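What follows is a single structure, written as structure tokens, with notes after it.
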Amino acid sequence: MIGADEIRARFARAMSEMYRQEVPQYGALTELVARVNAQVLRDDPALKARLEATGALARLDVERHGAIRLGTAAELATMRRLFAVMGMAPVGYYDLSVAGIPVHSTAFRPVDEAALGRNPFRVFTSLLRLDLIADVALRAEAERILAARRIFTPGVLALIGQWEAEGGLGDAQADRFVREALETFRWHREATVSAATYRRLHDAHRLIADVVCFKGPHINHLTPRTLDIDAAQAEMPLYGMRAKDVIEGPPRRACPILLRQTSFAALEEPILFLGAGDAGEDGRHTARFGEIEQRGMALTPKGRALYDRLLRVARDDGPEDVPYGARLERAFARFPDTEDELRGQDLAYFRYDLTGGASLPPGLSAEAPIGDLVRFGVVVATPITYEDFLPVSAAGIFRSNLGGSGGAEYAASADRAGFEAALGAEVLDECALYAALQDRSIADVRQCLRDATAA
Ligand code: OOG
Ligand code: NI
């Protein structure tokens, strides 16, 4: 039997190869990021040592996230089963209607530390919300078109069923699963609708056309992780890529938090509409783009609330004549930027490990406050990496690839229950995952200290 981690690693590799063929600029982007990362590691041996110690270095070269947009509840439910074969579970609920984008989303990803270390491949997965579309006739037409398509191959459905029944796949079956699953994410230049239908859906929202008019949910980007997004952003024009103006997320800091992202504009690709004679009618569609990300530490609910507040300050309350980047810097001056403060004020999650050398000083027990154990050098605290996404940033990425204006306004309305009903499961709470990792590391440290004292 081949384990879920191995299947995920094979799939991520195959997806990356496919996307490099489909979108050559993605290949250039991965080269750029590899160069920037190598430079950062040369310049910062301390960072390199830390990444090595936490296993983050080993996964860096293969680390990718992608994104897809689905049209129906049934597609989402089957996608959950497909990702389960690869050890990927739905984490988090993201409501993007607040930003004028008619979707809600989750991220399928590995959850435990060992699996993340093996291959942290994740897919930001959105479900189109036809309920937000006011035009009843158009909504019905979109539903009818979506109901007729089959985005999964019979082969992959059979293998998912077999995995569920038997709890695993053999080597050859795992390879077949990867091949068959990949078909769902492939680009098809043949639209499933006429030019007129495409235009009607496109006029309601470009995103609706992207989801409804094609045979499947083509992977729309694949994102490598950089250690210095400012350097990578500055180099993008040298590779002929037009990066979006603003890096989404927090500003550059001494202690990186959460996630910073930037993208290059979607390509205009030739498509072929249905009908209009044998050859079909030519059209053009923009959907697929490139993105890079830099990951920082996961924030506690308290830290996240501060992040959200300062981001609002930078967006809404900043003086109009000051550029956004400067407003962001100014707002985030109020976010502590040393690890001691972030830990002391309970703003970020950390994992704790024994330093090895130090033994318990007199007067300190295994049950002492963890902060004391760190202060006396018994224990070292390392920030836990943020493995998830940010709704405001995601909306910015969506928008920059929908040709500027997002178009319609929607009455903001999260519908987590509706999303979970479609998914056929609850989404996991990301903070609970980080807290569990932190708590387990503290419990392990204490147990080791108790054992050492008893010995
Ligand atoms: C997804 C956009 C969000 C991210 O990294 O936040 C995203 C999409 O355009 O489908 O990928
Ligand atoms: Ni992305």
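Every number for a ligand or one of its atoms is a count from 1 in the order of the listing. Each residue takes its place number in the sequence, starting with 1. For clarity, every value in this text was computed on a predicted model and none was experimentally measured.
More than 12 heavy atoms of other residues, nucleotides or ligands sit less than 6.0 Å from atom CD of E52.
Side-chain atoms of T226 do not come within 3.5 Å of backbone N or O of E293 as any donor-acceptor pair.
Legend: residues meeting ring-ring contact (aromatic ring centres under 6.0 Å, His included) with Y352, ordered by chain and number and at least two apart, are absent.
Here the protein contributes H65 NE2, H221 NE2, E291 OE1 as N, O or S atoms under 2.8 Å from the Ni ion (ligand 2).
Aromatic rings from H221 and H65 are positioned such that their centres are separated by under 6.0 Å. You'll find the ring centres of F264 and F289 outside the 6.0 Å limit.
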Enumerate, atom names and distances included, each donor-acceptor pair closer than 3.5 Å involving a side-chain atom of residues 54-62, sequence neighbours excluded.
unit_1: T54; atom_1: OG1; unit_2: R50; atom_2: O; d: 3.1
unit_1: T54; atom_1: OG1; unit_2: L51; atom_2: O; d: 3.3
unit_1: R59; atom_1: NE; unit_2: E63; atom_2: OE1; d: 2.8
unit_1: R59; atom_1: NH1; unit_2: E387; atom_2: OE2; d: 3.2
unit_1: R59; atom_1: NH2; unit_2: E63; atom_2: OE1; d: 3.4
unit_1: R59; atom_1: NH2; unit_2: E63; atom_2: OE2; d: 3.2
unit_1: R59; atom_1: NH2; unit_2: E387; atom_2: OE1; d: 3.0
unit_1: R59; atom_1: NH2; unit_2: E387; atom_2: OE2; d: 3.3

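At a threshold of 4.5 Å between non-hydrogen side-chain atoms, the residues Y307 and F332 count as touching. Put simply, the side chain of M18 does not reach to within 4.5 Å of the side chain of W187, judged on heavy atoms.
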Output block, N or O contacts of ligand 1, threshold 3.5 Å exclusive:
unit_1: ligand 1; atom_1: 5 (O); unit_2: H65; atom_2: NE2; d: 3.0
unit_1: ligand 1; atom_1: 5 (O); unit_2: Q261; atom_2: NE2; d: 2.6
unit_1: ligand 1; atom_1: 5 (O); unit_2: E291; atom_2: OE1; d: 3.4
unit_1: ligand 1; atom_1: 5 (O); unit_2: E291; atom_2: OE2; d: 3.1
unit_1: ligand 1; atom_1: 6 (O); unit_2: Q261; atom_2: NE2; d: 3.4
unit_1: ligand 1; atom_1: 9 (O); unit_2: R69; atom_2: NH2; d: 2.7
unit_1: ligand 1; atom_1: 10 (O); unit_2: R69; atom_2: NE; d: 2.8
unit_1: ligand 1; atom_1: 10 (O); unit_2: R69; atom_2: NH2; d: 3.4
unit_1: ligand 1; atom_1: 10 (O); unit_2: N220; atom_2: ND2; d: 3.0
unit_1: ligand 1; atom_1: 11 (O); unit_2: H221; atom_2: NE2; d: 2.8

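Using a 4.0 Å cut-off between charged nitrogen and carboxylate oxygen, E183 and R150 do not count as a salt-bridge pair.
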